[in-house]
Visitor: 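Just passing along the structure, written as structure tokens.
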Amino acid sequence: PHISKIPTKPNRAQDDVVYTVNVTDTNGCASSKNYEIDIKPMPETNVAMAANCPSDPTNITVTDKNSMNNVTYTWYEYDDSKTDHKGDPLGTGNKLEKEIADTTRFVVTASSEFGCEKDTTITATVHPLPTLSFSGETVICEGESTTLTISATWPTGVQGGTASYFWQEIDATNSKAQVTVSPKDTTTYHIKVETGNNCMMDTFIRVNVKPRPIVTINDMRDGNDRICEGEPFEMNAAVNNLTGTYNYVWKDYDSKVITNGATYATNNTGTYVIENDNKKLKLSMTENIERTYWAIATEAGGTGKQCADSTKFTLTPLTKPEVKIANVAPVCENTEADIEVSNAQNSYEYVWDNGKTGPRITETIVPNVDNWFKVTCINPANGCQSKDAIQASTKPYPAIALYDSTNALLASKDITICKDATLKVTAGVTNANGASVTYDWGKENDLSFTQASATLQTTVSDAYNYIVTAAMKAC
């Protein structure tokens with residue numbers, strides 16, 4: 001027997017097909033029979049899903065295109081190594097919900113109530129997310145600002161990716177790729193990022209705020225002092241609010257860095273001295289000009305952000321009073337002399353080293369001592385003072401020697417002669433050293449007797465005391 005006719009494929013899956021079988025034997029006898037085949041429809045899967053963001057679960061819904069009832073669905077991981085690509089089972093039902101990070105394929109098997117099955121491969125698309133990066137200083141010193149910029153780098157192959165940036169602590173409603181912040185303390189900023197595919201991302205950036213050192217000069221911030229011109233002055237810089245090591249730099253009134261031994265002031269009459277690891281600056285004010293100096297302290301050692309601070313110190317030199325002691329002419333030994341300030345001012349105070357006050361003092365000048373007299377002149381208006389000193393000198397008294405008529409030195413001042421004889425005695429000064437000397441002889445208790453010469457020559461009728469006065473350099 002043989003089939004005489006092969007039916008054509010039905011137009012619709014649900015159509016029945018009738019096959020006719022014609023049988024003819026060797027004797028030429030023939031018969032035929034019709035066979036009806038009931039063809040059940042194959043399930044056709046319709047897929048509904050949307051592209052997802054990585055942070056959202058993937059939702060895939062499947063239905064039968066022809067609204068066939070009683071269709072069941074079984075889900076599988078996609079396995080490229082298998083012929084039917086069915087990997088690990090994921091469950092059943094017409095919905096699949098699964099979190100995926102990247103575009104992923106699944107296999108779903110649709111089974112009808114008639115036992116017909118059909119596999120469908122589904123590709124779930126995940127929108128790619130960019131890689132976020134920041135630029136700008138993330139370590140700043142107290143009181144500083146920093147500009148932070150966020151940018152997105154899209155994976156290779158992504159064209160025209162866009163993103164909006166919302167800084168939650170700054171402006172949560174307007175997109176900004178760049179912001180300038182001035183946090184008082186260490187702060188973490190939260191940025192919500194929305195891509196052009198409406199995917200959301202969260203990222204954070206931390207700005208560390210380092211405390212700023214506070215430098216002082218002589219324990220003052222932006223201090224000043226009034227000093228008298230020409231007097232030495234020390235400025236000591238220090239950071240007291242923080243521990244650690246700091247490098248110190250001094251700058252002068254022209255903003256030039258001061259080095260040890262450098263000259264200062266326009267007349268170059270002094271030098272700077274820097275000591276104690278640059279913390280101390282020593283100088284003398286030789287000009288009557290206000291000067292401002294700066295101390296800068298910078299955090300020492302380590303890497304990264306180093307915080308610094310500066311402060312200024314203004315020196316105002318005050319004018320000193322002028323004082324001059326007038327020259328003192330030599331005086332005779334153990335006599336008084338006036339010591340006097342020649343340029344005295346009524347508004348000034350004068351204090352002598354012996355404790356006396358006033359612009360003039362009278363002192364006994366004693367031989368064989370230094371006879372130095374020092375005065376301090378004080379201006380009460382500003383407290384400045386000046387000093388001067390002078391040395392007084394003495395003139396010696398004449399040393400008188402007596403000689404007889406033969407010019408022999410008399411060994412004694414007691415002379416014995418005959419009554420009514422002539423007395424001749426000559427006076428001389430042994431320490432005259434060429435100076436002019438005048439002599440004057442007189443008689444005790446007899447003011448009428450006088451001889452103005454070096455030699456006394458007179459007739460002696462009784463015992464008398466004769467007195468000779470020698471005058472040399474007014475002594």
Side-chain angles (χ1 to χ4, degrees), residues 136-147 181-187 206-320 382-387:
E137 282 191 301
T138 55
V139 179
I140 63 173
C141 299
E142 184 180 0
E144 291 182 343
S145 299
T146 182
T147 298
V181 296
S182 304
K184 294 180 179 180
D185 303 300
T186 295
T187 302
R206 180 184 178 92
V207 177
N208 292 286
V209 180
K210 296 182 65 176
R212 183 185 294 278
I214 298 176
V215 61
T216 60
I217 299 177
N218 296 355
D219 295 327
M220 288 185 282
R221 286 279 295 174
D222 290 344
N224 61 78
D225 205 342
R226 299 168 68 85
I227 66 171
C228 299
E229 58 182 340
E231 292 185 353
F233 190 81
E234 292 184 1
M235 289 180 281
N236 293 278
V239 172
N240 297 319
N241 66 315
L242 299 174
T243 60
T245 305
Y246 292 86
N247 295 324
Y248 293 86
V249 174
W250 292 91
K251 288 188 177 182
D252 65 11
Y253 41 86
D254 288 329
S255 297
K256 296 178 181 178
V257 174
I258 299 173
T259 57
N260 188 37
T263 57
Y264 64 86
T266 55
N267 52 10
N268 294 331
T269 57
T271 56
Y272 293 109
V273 177
I274 297 177
E275 299 175 346
N276 192 21
D277 295 330
N278 281 10
K279 295 179 184 178
K280 178 182 290 187
L281 176 65
K282 298 169 67 175
L283 69 157
S284 294
M285 298 299 292
T286 59
E287 295 180 306
N288 190 20
I289 300 175
E290 185 176 272
R291 300 291 193 187
T292 297
Y293 296 86
W294 293 84
I296 304 167
T298 304
E299 191 177 5
T303 59
K305 187 71 174 181
Q306 294 176 325
C307 297
D309 185 43
S310 64
T311 189
K312 64 182 178 180
F313 199 88
T314 301
L315 294 178
T316 303
L318 304 174
T319 303
K320 286 185 174 183
N382 60 22
C384 291
Q385 53 185 251
S386 299
K387 298 178 183 292

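This is a predicted model, so every value here is computed, not measured.
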Visitor: Working to the nearest 0.5 Å, report the span between CG of Asp225 and CG of Leu318.
Guide: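 Here the interatomic distance stands at 9.0 Å.
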Visitor: With rounding to the nearest 0.5 Å, note down the distance linking NZ in Lys251 to CG in Leu281.
Guide: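 One gets 14.5 Å once the value is rounded to the nearest 0.5 Å.
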Visitor: Between Gln306 (side chain) and Ala300 (backbone), is there a donor-acceptor pair under 3.5 Å?
Guide: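 No.
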Visitor: For a quick test of your reading: what N or O donor-acceptor pairs under 3.5 Å do the side chains of residues 232-245 make, sequence neighbours left out?
Guide:
residue, atom, partner, partner atom, Å
Asn241, OD1, Ile214, N, 2.9
Asn241, ND2, Arg212, O, 3.1

Visitor: Got Ile289 and Tyr253 here, is their nearest side-chain heavy-atom distance under 4.5 Å?
Guide: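 Answer no - side chains too far apart.
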Visitor: So, the side chain of Trp250 versus the backbone of Asn278: is there a donor-acceptor pair under 3.5 Å, distance only?
Guide: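 Indeed, once roles are kept as given, a pair shorter than 3.5 Å links the two residues.
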Visitor: If every non-hydrogen atom of Pro183 is compared with every non-hydrogen atom of Val207, which pair is closest and at what distance?
Guide: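 Heavy atoms only, the tightest pair is CG-CG1, 4.0 Å.
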Visitor: Under a 3.5 Å distance rule, please check whether Asn382 uses its side chain to pair with a backbone N or O of Cys384 as donor and acceptor.
Guide: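 Flag set: sc Asn382 to bb Cys384 pair under 3.5 Å.
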Visitor: Below 4.5 Å, heavy atoms only, C-beta onward: do Glu275 and Val273 meet side chain to side chain?
Guide: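 Glu275 vs Val273: side chains touch.
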Visitor: Can you confirm whether Thr298 sits close enough to Val249 that some side-chain heavy atom of one is under 4.5 Å from a side-chain heavy atom of the other?
Guide: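 Contact flag for Thr298/Val249 side chains = no.
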Visitor: Show the nearest heavy-atom pair for residues Cys307 and Pro213, with the distance to one decimal.
Guide: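 Scanning both residues, the minimum pair turns out to be CB-CD, 3.8 Å.
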Visitor: List the residues meeting salt bridge (charged side-chain N to carboxylate O under 4.0 Å, His left out) with Glu137, not counting sequence neighbours, and say none if there are none.
Guide: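 Residues passing salt bridge (charged side-chain N to carboxylate O under 4.0 Å, His left out) with Glu137: Lys305.
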Visitor: How long is the span from the CD1 atom in Ile274 to the CD1 atom in Ile258, to the nearest 0.5 Å?
Guide: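 With rounding to 0.5 Å, CD1 (Ile274) is 6.0 Å from CD1 (Ile258).
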Visitor: For Tyr293 and Asp252, work out which heavy atoms get closest and say how close.
Guide: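 That would be CD2-CA, 3.9 Å.
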Visitor: Of the non-hydrogen atoms in Thr311 and Ile217, which two are nearest, and what is the gap between them?
Guide: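 What the structure gives for the nearest pair is CG2-CG1, 3.7 Å.
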Visitor: Dump the intermediate steps for side chain to side chain contact (heavy atoms under 4.5 Å, CB included) on Asn208 and Thr138, then the final yes or no.
Guide: CA-CA 6 Å; Asn208 292 286; Thr138 55; 5.5 Å; no
Visitor: Suppose we screen for salt bridge (charged side-chain N to carboxylate O under 4.0 Å, His left out). Which residues come up paired with Lys210, at least two apart in sequence or across chains?
Guide: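 Partners of Lys210 by the salt bridge (charged side-chain N to carboxylate O under 4.0 Å, His left out) criterion, ordered by chain and then number, come out as Glu299.
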Visitor: Calculate, to the nearest 0.5 Å, the distance between atoms CG and CZ belonging to Asp222 and Phe313 respectively.
Guide: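 Answer for the CG-CZ pair, Asp222 versus Phe313, is 10.5 Å.
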Visitor: Tell me if a side-chain donor or acceptor on Asp254 pairs with a main-chain N or O of Lys256 at a distance below 3.5 Å.
Guide: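 No, Asp254 side chain to Lys256 backbone: no donor-acceptor pair under 3.5 Å.
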Visitor: Is atom CZ of Arg226 surrounded by more than 12 heavy atoms (other residues, nucleotides or ligands) closer than 6.0 Å?
Guide: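 Open.
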Visitor: Looking only at atom types and distance, does a side-chain atom of Asp309 sit under 3.5 Å from a main-chain N or O of Val215, one as donor and one as acceptor?
Guide: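 Checking the backbone N and O of Val215 against the side chain of Asp309, a donor-acceptor pair under 3.5 Å is found.
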Visitor: To the nearest 0.5 Å, tell me how far Arg221 CZ sits from Ser310 OG.
Guide: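 Result: 7.0 Å between the selected atoms.
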Visitor: In Å, rounded to the nearest 0.5 Å, how long is the span from CZ of Arg206 to OG1 of Thr186?
Guide: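 Between atom CZ of Arg206 and atom OG1 of Thr186 there are 5.5 Å.
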